[in-house]
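Notes to accompany the following structure.
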Amino acid sequence: SKEGYSHFMLKEIHEQPMALRNTLAGIERDEVTKIGAELADARHIFITASGTSLHAGLIGDYLLTTVAGADVHTFTSSEYRKYMKTAGEGDVAIVVSQSGETIDALLALRALKSAGVKVIAISNVMDSAIPRESHLAIYTRTGPEIGVAATKTFTAQLMVLTILAMSAAAARGYVNDDEAAYFMNEMEQVPDVVQATLANNEAKIKRVAASISRASSMYYLGRGLGLPISMEGALKMKEVAYIHAEAYPAGESKHGPIALVEKSFPVLFTIFNDEYGEAMEGNIMEMKARDAYAIGVIPKSLEERLDKVLDIAIPIGVEEPAIATIAYSVPMQLLAYYTAVARGLDPDKPRNLAKTVTVE
Ligand code: M6R
């Protein structure tokens, strides 16, 4: 039942603090240490998934590459054939699938497995095909996700992948015991941060949704970890609000996409407290010079500074970027949801979409 919420999507967005708590409680520390060591030793790491799960995979890729120094190749499962000559013994693959039944991911898994790759599944459905056929499975524990748009399973996937990346970094000696303990402590705060993000921003996001609801097109721009989070935000907007939303690396926006920007064109910037802040600020100014409507999901520490250049600032109360990705996803979900509602659409029944894609 929707338990008083008007849609499953909204209910599931609000279930995230609980879903994240349960996921964290279900993660076995010994198992994570073991997998971290395997990832650290792997020749290549392949991450494969589709849609939202692919975006979670791209966050895993960024962290495994930058924090753990791993050689990671992430691809949409339907394109797995490209990687078959480079995959083999000594490699590890992570297959991410909420349902555990997506045919593209399943076919990629089978191909990687027969090439001799060790396969780890991340899924929300116990004993579904993908975890069953993998060598090892880790579960997100969000409870069933009914809404076609993935929400709580995405943030739970981010949590699992981030913890695995940190464990690989620890196994390689890039993170010491104190740093690892600090990181896990921060992760334990995430459900509360998500709760606060919901409580502090929902009313504001509803207003933003009303003002973008007549747009036919918009951009989501980010750098680093901000890119997969932008891609996921744009996918949500397309799926439920049917607005043509494109995500770009903010640095690419000048190489073509900016040609579309005119008065009131919505551009959503995802900015973390990281080395990309200044470049992102420059990108906001470029868009403002074309009269774009600039929305920023930003760290609290930059609020005073960026409030001056943005039309709308959505400050998030967590500074560590690797952890903040989870909380940053929440305003993106709410924005897509409330924009769909403002456009008179039913976010639980997006046209042309099935919850699980079982044909190639
Ligand atoms: O069940 P899976 O995680 O394998 O599903 C993958 C995609 O089909 C899925 O994430 C899809 O993109 C969602 N509708 C996104 O909201």
Side-chain angles (χ1 to χ4, degrees), residues 7-13 15-16 19 23 46-60 74-80 93-112 119-134 137-161 220 228-243 245-247 329-330 332-337 339-340 345-360:
H7 298 94
F8 281 108
M9 184 177 176
L10 189 61
K11 172 177 175 255
E12 288 164 0
I13 290 172
E15 277 171 356
Q16 287 177 114
T23 297
F46 296 100
I47 302 180
T48 189
S50 308
T52 292
S53 297
L54 176 64
H55 300 149
L58 288 167
I59 291 289
T74 300
F75 54 91
T76 184
S77 298
S78 57
E79 291 293 325
Y80 74 85
I94 304 175
V95 182
V96 190
S97 175
Q98 177 282 127
S99 62
E101 301 287 349
T102 299
I103 190 72
D104 295 316
L106 189 56
L107 294 177
L109 180 168
R110 286 178 182 156
L112 288 160
V119 183
I120 301 166
I122 299 177
S123 180
N124 197 49
V125 181
M126 222 41 98
D127 293 323
S128 51
I130 288 167
R132 225 174 35 232
E133 293 195 24
S134 297
I138 306 182
Y139 290 99
T140 51
R141 290 165 204 271
T142 75
E145 190 175 64
I146 311 289
V148 168
T151 53
K152 59 179 179 174
T153 55
F154 176 65
T155 47
Q157 289 166 349
L158 291 181
M159 177 179 256
V160 170
L161 283 157
Y220 284 69
I229 297 303
S230 297
M231 292 165 78
E232 175 55 13
L235 178 64
K236 287 285 93 82
M237 188 60 81
K238 280 189 280 239
E239 275 190 297
V240 300
Y242 312 153
I243 290 178
E246 283 292 341
S329 305
V330 173
M332 313 274 173
Q333 299 165 346
L334 287 172
L335 187 63
Y337 173 80
T339 305
L345 302 167
D346 179 352
D348 284 344
K349 294 194 189 66
R351 66 187 176 207
N352 309 337
L353 298 179
K355 180 68 181 160
T356 303
V357 179
T358 52
V359 285
E360 223 183 318

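Whatever order the structure lists ligands and atoms in, that order sets their numbers, starting from 1.
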Top protein contact for atom 8 (O) of ligand 1, by heavy-atom distance: Val357 CG2, 4.2 Å
Under 4.0 Å from one or more heavy atoms of Ala149, ligand 1 contributes atoms 16 (O)
Here the atoms of ligand 1 under 4.0 Å from any heavy atom belonging to Ser53 are 2 (P), 3 (O), 10 (O)
Which is it for Lys236 and ligand 1 at heavy atoms under 4.0 Å: side chain, backbone, both or neither? side chain
Ligand-residue contact atoms, ligand 1 with Val148, heavy atoms, under 4.0 Å: 13 (C), 14 (N), 16 (O)
Count the heavy atoms of every other residue, nucleotide or ligand shown that sit under 6.0 Å from NZ of Lys349, and state whether that count exceeds 12. no
Are Ala105 and ligand 1 in contact, using a heavy-atom cut-off of under 4.0 Å? no
So is Gln98 polar-close to ligand 1, meaning N/O to N/O under 3.5 Å? yes
For Thr52, the ligand 1 atoms with a heavy-atom partner under 4.0 Å come out as 10 (O), 12 (O), 15 (C), 16 (O)
Is it true that the side chains of Glu360 and Ser78 contain a donor and an acceptor less than 3.5 Å apart? no
Ligand 1 and Gly51, any nitrogen or oxygen pair closer than 3.5 angstrom? no
Backbone of Thr142 reached by a side-chain donor or acceptor of Asn124 within 3.5 Å: yes
Are any of the N or O atoms of Ser97 closer than 3.5 Å to those of ligand 1? yes
What I want to check is whether the side chains of Ser97 and Ser53 have a donor and an acceptor closer together than 3.5 Å. no
Of the options Lys236, Glu12, Gln16, which is the one that meets Gln333 in a side chain to side chain donor-acceptor pair (under 3.5 Å)? Gln16
Among all the protein's non-hydrogen atoms, which is closest to atom 6 (C) of ligand 1, and how far away is it? Ser50 O, 3.3 Å
Do Thr153 and Glu145 meet the criterion of a side-chain donor-acceptor pair at a distance under 3.5 Å? yes
May I ask you to identify the nearest protein heavy atom to atom 1 (O) of ligand 1, giving residue, atom name and distance to one decimal place in Å? Ser99 OG, 2.7 Å
Would you check whether Ala150 has a nitrogen or oxygen atom less than 3.5 angstrom from a nitrogen or oxygen atom of ligand 1? yes
So, taking the atom named CD1 in Ile13 and the one named NZ in Lys11, what distance separates them when rounded to the nearest 0.5 Å? 12.5 Å
Candidates Thr76, Thr48, Asp104 - the one meeting side chain to side chain contact (heavy atoms under 4.5 Å, CB included) with Leu54: Thr76
Nearest heavy-atom neighbours spanning Ala56 and Leu158: CA-CD2, 3.8 Å
For atom 2 (P) of ligand 1, state which one of Asn124, Thr358, Thr102 supplies the nearest heavy atom. Thr102
Search all heavy atoms of Gln98 against all heavy atoms of Lys355 and return the closest pair with its distance. NE2-CE, 3.7 Å
Could you tell me whether Glu239 approaches ligand 1 through its side chain, its backbone, both or neither, with non-hydrogen atoms closer than 4.0 Å? side chain
